[in-house]
Amino acid sequence: MKNRPVRVRFAPSPTGPLHMGGVRTALYNYLFAKQNGGDFLLRVEDTDQARFVPGAEAYIVEALKWCGISPDEGIGAEDKMAQGGPHAPYRQSERKPMYRAYADQLIASSHAYYAFDTPVELDAVRERAKQAGNPNWQYNSITRTSMKNGLTLSEDDVARRLSAGEPYVIRVKMPRNEEVKFEDRIRGWVSVNTMNLDDKVLLKGDGMPTYHLANVVDDHAMEISHVIRGEEWLPSAPLHVLLYRFFGWEQPEFAHLPLLLRPDGNGKLSKRDGDRLGFPVFPLDWKNEDTNDTASGYRERGFYPQAFVNMLAFLGWNPGTHQEIFSLDQLIISFNLNKVNKAGARFDFEKAKWFNQQHLRLLSASDRLHTYKQEALLRGLTIPSDVFAQKAMNLFMDRAEFIGDTLDEALYVFTDPTSFDPAVCAKKWTAEAPGYVEELSALFARTDYSEATLEEAFKVYLADKGYGFGQVGPVLRLAIAGTTQGPSIFAVMHLIGKEASERRILHAITTL
Ligand code: GLU
């Protein structure tokens with residue numbers, strides 16, 4: 001088992017947009033594959049047609065691509081063969097004809113059986129059990145003896161029902177009172193008695209396999225070495241272990257990842273929590289055209305994929321050092337599946353924004369400028385030149401968490417202010433104010449309009465007149481920017497230049 005080539009898969013069901021918890025599962029699979037020189041596959045588990053949502057598969061592929069963790073093989077794989085790889089198809093609905101033979105094999109080896117109980121009959125049994133005080137009736141190694149199935153009916157009867165086309169399902173025959181054990185990479189040894197497991201359906205009446213059969217058959221067929229998936233699948237793992245044993249196949253190693261928890265730690269992080277607390281729980285914006293169901297995403301919120309990925313990596317794992325900022329390549333080197341926490345990981349949106357802020361600072365000047373210009377375009381702003389953009393961006397970088405922040409607070413750099421902060425006007429735009437800025441404007445005109453000479457001229461003016469900074473500073477800011485918030489006004493004036501500065505001062509004098 002130790003020498004198997006590493007092949008892992010992300011196997012989502014296309015039932016809606018991919019939750020960020022799913023992206024983290026994909027990420028951990030990807031990191032593990034890459035650090036072991038292995039392959040990362042994307043398989044779509046769409047056997048439950050009732051829950052199929054159009055557009056979900058394309059969303060998953062796009063989300064992984066945005067994160068930079070596209071699969072090597074399977075749906076969305078860019079190279080290899082046109083089909084996505086040697087084990088195509090990678091969509092379970094397209095693999096439907098393959099599963100039947102495996103269910104038959106289990107029947108032949110007495111590890112599975114036909115069951116003919118109708119939904120109405122099953123409901124009646126459940127209802128009777130409920131009346132008798134057992135609300136959790138299960139089809140299991142005890143109850144199956146009084147149901148209508150291949151274990152209780154004669155061989156002839158079964159054959160007759162099958163040839164008459166009577167509806168049936170195929171169920172696993174759970175052994176009685178056996179301990180199923182396996183070692184999980186994250187949880188250690190897991191042991192479950194089969195008396196606590198039920199006779200799950202493996203093949204449905206429509207010939208479609210259930211998740212359990214399809215998952216195990218495909219993991220084997222696709223030579224998956226490690227199954228890395230969310231904790232919600234841990235209860236299914238003992239059944240999967242048994243299925244590997246029944247088929248006589250080598251079992252992959254398992255690693256069940258901790259849940260993503262709400263910020264208060266109480267329960268699983270859901271879309272509702274995001275809506276309520278004002279943060280996305282999906283990587284990309286989503287809209288279901290049929291139902292008009294929508295969700296907001298990190299990408300559209302202005303996050304960089306590298307920040308989103310870095311943040312996700314830390315939800316359940318950390319390197320055990322002080323280093324928090326990692327590129328994807330660095331994560332490939334440092335990530336350690338054995339060190340993933342058992343306990344759920346609490347999500348913190350403030351921390352997510354912090355990651356973005358750090359990555360914003362780490363971007364190369366040209367990449368940052370590129371995203372800045374894109375954002376400016378989205379806001380309909382015209383940028384005079386790259387030099388101008390670079391300077392404007394740098395002026396507003398100090399507190400920015402997102403590149404968009406450097407634009408939202410800087411609109412007055414691009415256009416003359418059309419409104420002036422009324423609270424500041426009331427307090428600072430005194431009868432003397434027009435005089436201050438008029439005199440200053442004349443003084444500034446004699447400088448070279450560099451930040452330093454403008455500031456110097458301003459200081460000399462205050463000293464000569466005996467004015468306090470608080471008396472004149474806000475007045476100048478108001479005239480130039482319409483607000484008193486922001487970076488050095490002299491830097492702004494240098495950026496917009498003499499002509500615009502003088503025009504703004506004149507406009508303030510005549511309007512205010
Ligand atoms: N189709 C399952 C899901 O939607 C996959 C679970 C697994 O990885 O085995 O998450």
Side-chain angles (χ1 to χ4, degrees), residues 1-14 18-46 57 60-61 63-65 67-80 83-92 95 182-187 190 211-212 214-234 236-237 240-241 243-244 249-258 283 309 312-313 315-317 328-329 331-341:
M1 179 140 103
K2 291 278 171 281
N3 297 325
R4 261 177 117 171
V6 167
R7 286 173 58 80
V8 296
R9 82 314 190 260
F10 178 50
S13 297
L18 179 62
H19 188 276
M20 59 194 269
V23 184
R24 189 204 49 182
T25 299
L27 173 65
Y28 283 10
N29 272 283
Y30 174 89
L31 296 176
F32 185 74
K34 295 298 133 192
Q35 68 182 202
N36 288 293
D39 291 322
F40 169 58
L41 283 75
L42 176 60
R43 180 174 76 224
V44 169
E45 302 208 323
D46 57 349
E57 179 187 300
I60 293 165
V61 170
L64 298 188
K65 194 167 168 193
C67 291
I69 56 172
S70 286
D72 303 304
E73 195 178 311
I75 308 287
E78 276 169 15
D79 45 12
K80 301 242 170 144
Q83 294 279 305
H87 298 283
Y90 292 88
R91 225 172 259 120
Q92 287 184 329
R95 300 172 67 80
F182 66 95
E183 193 174 8
D184 186 278
R185 277 259 190 156
I186 296 164
R187 272 140 224 285
V190 176
Y211 155 71
H212 304 289
N215 187 270
V216 166
V217 165
D218 286 348
D219 280 347
H220 171 71
M222 295 176 185
E223 300 172 79
I224 297 303
S225 60
H226 297 76
V227 167
I228 305 169
R229 62 185 173 194
E231 183 184 292
E232 62 273 31
W233 301 103
L234 187 60
S236 301
H240 298 177
V241 167
L243 289 176
Y244 283 103
W249 295 337
E250 183 177 351
Q251 171 191 314
E253 273 196 58
F254 289 100
H256 288 90
L257 308 174
V309 161
L312 278 185
L315 287 174
W317 168 83
L328 190 57
D329 286 340
L331 284 171
I332 291 172
I333 296 167
S334 301
F335 176 71
N336 186 344
L337 187 60
N338 298 328
K339 292 268 167 67
V340 170
N341 301 325

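Along the sequence shown, the residues carry numbers beginning at 1. These numbers were taken from a predicted model, which means no experiment stands behind them.
- Not counting sequence neighbours, the partners of Phe32 by the ring-ring contact (aromatic ring centres under 6.0 Å, His included) test are His226.
- For Arg7 (side chain) and Met222 (main-chain N/O), a donor-acceptor pair under 3.5 Å exists by modelled atom type.
- Atom CD1 of Ile60 is separated from atom CD1 of Ile75 by 10.0 Å, given to the nearest 0.5 angstrom.
- Looking at residues two or more places apart in sequence or on another chain, you find a side-chain hydrogen bond (donor to acceptor under 3.5 Å, both in side chains) between Glu223 and His87.
- When all heavy atoms of Tyr244 and Pro252 are compared, the pair lying nearest together is CZ-CD, 3.2 Å.
- Rounded to the nearest 0.5 Å, atoms OG1 (Thr25) and CD (Glu231) are 11.0 Å apart.
- Of all heavy-atom pairs between Gly85 and Tyr90, the closest is C-OH, 3.2 Å.
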- Task: Apply side chain to side chain contact (heavy atoms under 4.5 Å, CB included) to Met20 and Leu315, showing your working.
- Result: CA-CA 10 Å; Met20 59 194 269; Leu315 287 174; 4.2 Å; yes
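- With sequence neighbours excluded, no residue forms a side-chain hydrogen bond (donor to acceptor under 3.5 Å, both in side chains) with Asp329.
- Looking at Asn341, its side chain never comes within 3.5 Å of a backbone N or O of Pro258 through a donor-acceptor pair.
- Taking all atoms of both residues into account, the shortest heavy-atom contact from Arg187 to Leu234 is CD-CD2, 3.6 Å.
- Every residue meeting the side-chain contact (heavy atoms from CB on, under 4.5 Å) condition with Glu45, not counting sequence neighbours, appears here in chain and number order: Ala11, Ser13, Arg43, Gln92, Tyr211, Asn215.
- Atom CZ of Arg24 is separated from atom CG of Leu18 by 12.0 Å, given to the nearest 0.5 angstrom.
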- Message: One pair to check against side chain to side chain contact (heavy atoms under 4.5 Å, CB included): Glu57 and Arg91. What are the steps and the verdict?
- Response: CA-CA 10 Å; Glu57 179 187 300; Arg91 225 172 259 120; 2.7 Å; yes
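- Judged as a salt bridge (Lys or Arg N to Asp or Glu O under 4.0 Å), and not counting sequence neighbours, the contacts of Arg95 are Asp218.
- Contact between Pro71 and Gly76 at its shortest, heavy atoms only, is CG-C, 4.0 Å.
- In this structure, His19 has no side-chain hydrogen bond (donor to acceptor under 3.5 Å, both in side chains) partners at least two apart in sequence or on a different chain.
- Put simply, the residue from Leu64, Val23, Leu312 that forms a side chain to side chain contact (heavy atoms under 4.5 Å, CB included) with Pro283 is Val23.
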- Output, in order, the C-alpha distance, side-chain angles, deciding distance and verdict of side chain to side chain contact (heavy atoms under 4.5 Å, CB included) for Val227 and Arg9. CA-CA 7 Å; Val227 167; Arg9 82 314 190 260; 3.6 Å; yes
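- To the nearest 0.5 Å, the span separating CD on Glu253 from CD on Glu183 amounts to 8.0 Å.
- The nearest pair of heavy atoms linking Ser70 to Phe40 is O-CD2, 4.0 Å.
- In this structure, NE2 on His240 lies 7.5 Å from CZ on Phe254, to the nearest 0.5 angstrom.
- Residue pairs meeting the side-chain hydrogen bond (donor to acceptor under 3.5 Å, both in side chains) criterion with at least one partner in residues 28-37, sequence neighbours excluded, are Lys34-Asp72.
- Under the side-chain contact (heavy atoms from CB on, under 4.5 Å) criterion, Ser334 pairs with Trp317, Phe326, sequence neighbours left out.
- Every side-chain contact (heavy atoms from CB on, under 4.5 Å) that Ala255 has, sequence neighbours left out, goes to Arg185, Ile186, Ile228, Leu337.
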- Message: If you apply the rule side chain to side chain contact (heavy atoms under 4.5 Å, CB included), what do you find for Trp249 with Val216, and how did you get there?
- Response: CA-CA 10 Å; Trp249 295 337; Val216 166; 4.0 Å; yes
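- The shortest heavy-atom contact between Leu328 and Gly68 is CD2-O, 3.4 Å.
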